[in-house]
Amino acid sequence: MESWMLMILVFMPGVWSGDWGVTFGYQCALRGGSVVMQCSYDYPWRDTVTQVGWSRPLFTSGTWRLHPLPSLPSPPDFEYLGNLHHNCSLKINNIQPTDERKYYFSFVTTSDRSTSKTYAYLSVNELIAVLKPSTVKEGDDFSLTCVSDCPTPTTIVWFKDGQKVPTPGFLVRREDAGSYFCAVLGQETVRSNSVTLNVQYGPGNMAISVDDQQFTEGSSVKLTCSSVANPAADNYTWYKRTDSPSSSSWLQVGWGQVLSLPSVEASHTGLYL
Ligand SMILES: *[C@@H]1O[C@H](CO)[C@@H](O)[C@H](O)[C@H]1NC(C)=O
């Protein structure tokens with residue numbers, strides 16, 4: 001028997017050994033994506049395969065039982081890519097966390113039937129967007145990375161507020177603020193969680209608005225100061241310029257976003273800042 005085997009290996013490389021057996025590859029997949037479970041099987045060379053099937057154990061009524069995968073070889077979720085010879089590869093689409101389990105292959109030949117003694121294990125992982133730090137000051141460094149527990153040979157794409165953007169990073173601008181997630185290029189159903197980038201900057205675009213430009217004596221006047229800042233300004237200081245023949249200076253006249261002058265009189269005339 002051994003010398004017969006050796007003959008085969010030496011003189012006909014690439015020919016199957018003729019023993020019963022199934023060989024699987026390890027599979028790591030991302031939720032929402034698809035994966036091909038590589039599989040090959042072997043049987044006595046005189047036999048012809050009449051039936052193939054994949055099954056997985058499910059816990060029902062208190063015990064684990066092997067349940068055949070539905071409707072092989074047809075899509076959408078399970079596609080048999082193998083054949084009735086030696087290839088038993090299975091494609092799983094739209095992978096969900098519940099697909100993380102053991103998969104067994106079985107087949108029937110003209111002489112016997114066989115179920116794999118070992119199994120293919122599908123490990124299902126998430127794509128995770130990591131933002132460090134999540135709050136930055138304009139001009140600071142930040143990093144946005146996309147990680148998973150599967151080896152990721154695939155290209156990653158980034159989305160910001162739902163729109164595809166070039167990989168962000170490095171020095172942050174205020175328009176970079178938003179909600180980001182990453183996805184696998186060409187398989188954009190594989191998406192990460194969303195992370196929010198908060199960009200802080202000091203007040204700018206300051207403006208004063210007045211309810212009217214001319215006032216009669218005794219009326220009340222409100223001056224409102226606005227600015228653009230993140231976080232928003234929490235206080236304002238009001239100044240009024242006082243001119244005397246020798247000098248001019250700025251006098252503090254109040255605090256808060258609104259400066260109220262309840263009853264204007266001639267002495268209120270002036271330049272406010
Ligand atoms: C604004 O600042 C002034 C002076 O420090 C303070 O008296 C006032 O309470 C502050 N107002 C608010 C709304 O914080």
Side-chain angles (χ1 to χ4, degrees), residues 31-32 125-149 156-183 188 190-273:
R31 186 174 59 82
N125 290 283
E126 298 285 331
L127 204 56
I128 302 167
V130 182
L131 174 64
K132 279 183 196 164
S134 58
T135 295
V136 286
K137 292 200 172 65
E138 200 172 22
D140 279 359
D141 264 350
F142 76 110
S143 82
L144 201 46
T145 47
C146 192
V147 297
S148 85
D149 286 337
I156 293 300
V157 285
W158 283 97
F159 287 81
K160 179 191 166 219
D161 300 326
Q163 301 291 317
K164 209 183 245 188
V165 288
T167 303
F170 319 120
L171 303 182
V172 73
R173 299 161 304 157
R174 68 180 72 171
E175 52 274 27
D176 293 328
S179 177
Y180 290 87
F181 65 82
C182 55
E188 278 143 34
V190 183
R191 298 189 160 191
S192 72
N193 53 312
S194 293
V195 288
T196 302
L197 176 66
N198 181 24
V199 182
Q200 297 192 329
Y201 47 91
N205 294 20
M206 306 224 10
I208 296 179
S209 60
V210 186
D211 40 9
D212 206 339
Q213 289 292 333
Q214 280 184 358
F215 310 98
T216 51
E217 236 178 47
S219 63
S220 78
V221 177
K222 277 188 177 131
L223 304 182
T224 305
C225 187
S226 62
S227 68
V228 177
N230 181 28
D234 62 0
N235 210 344
Y236 295 83
T237 307
W238 289 91
Y239 298 90
K240 184 189 175 202
R241 193 166 77 185
T242 51
D243 292 317
S244 71
S246 54
S247 68
S248 80
S249 62
W250 289 97
L251 185 72
Q252 274 185 27
V253 291
W255 289 280
Q257 186 158 19
V258 178
L259 181 69
S260 288
L261 306 172
S263 173
V264 286
E265 45 189 82
S267 68
H268 284 126
T269 303
L271 189 63
Y272 287 80
L273 174 147

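The shown structure was predicted, so the numbers you read here are calculated from the model rather than taken from an experiment. Count residues from 1 along the sequence. Counting starts at 1 for both ligands and their atoms, in listed order. All values below were derived from every heavy atom in this structure, side-chain atoms included, with hydrogens, water molecules and symmetry-related copies excluded.
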Indicate every side-chain donor-acceptor pair of residues 126-135 with a distance under 3.5 Å to a residue at least two apart or in another chain.
from: Glu126; atom 1: OE1; to: Arg31; atom 2: NE; distance (Å): 3.0
from: Glu126; atom 1: OE1; to: Arg31; atom 2: NH2; distance (Å): 3.1
from: Glu126; atom 1: OE2; to: Arg31; atom 2: NE; distance (Å): 2.8

Apply side chain to side chain contact (heavy atoms under 4.5 Å, CB included) to Leu271 and list each qualifying residue two or more places apart in sequence or on a separate chain.
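Per chain and number, Leu271 pairs via side chain to side chain contact (heavy atoms under 4.5 Å, CB included) with Arg241, Trp250.
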Do me a favour and list the nearest non-hydrogen protein atom to [atom] with residue, atom name and distance?
| atom | answer |
| --- | --- |
| atom 12 (C) of ligand 1 | Asn235 ND2, 3.3 Å |
| atom 5 (O) of ligand 1 | Trp255 NE1, 4.6 Å |
| atom 13 (C) of ligand 1 | Asp234 O, 4.3 Å |

Donor-acceptor contact present, side-chain Ser220 to main-chain Ser263, <3.5 Å
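Here the side-chain-to-backbone pair does not exist.
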Using a 3.5 Å distance criterion without hydrogens, assess whether the side chain of Asp161 forms a donor-acceptor pair with backbone atoms of Ser179.
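Here the side-chain-to-backbone pair exists.
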Can you confirm whether some protein heavy atom lies under 4.0 Å from atom 2 (O) of ligand 1, or whether none does?
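Yes, because at least one protein heavy atom sits under 4.0 Å from atom 2 (O) of ligand 1.
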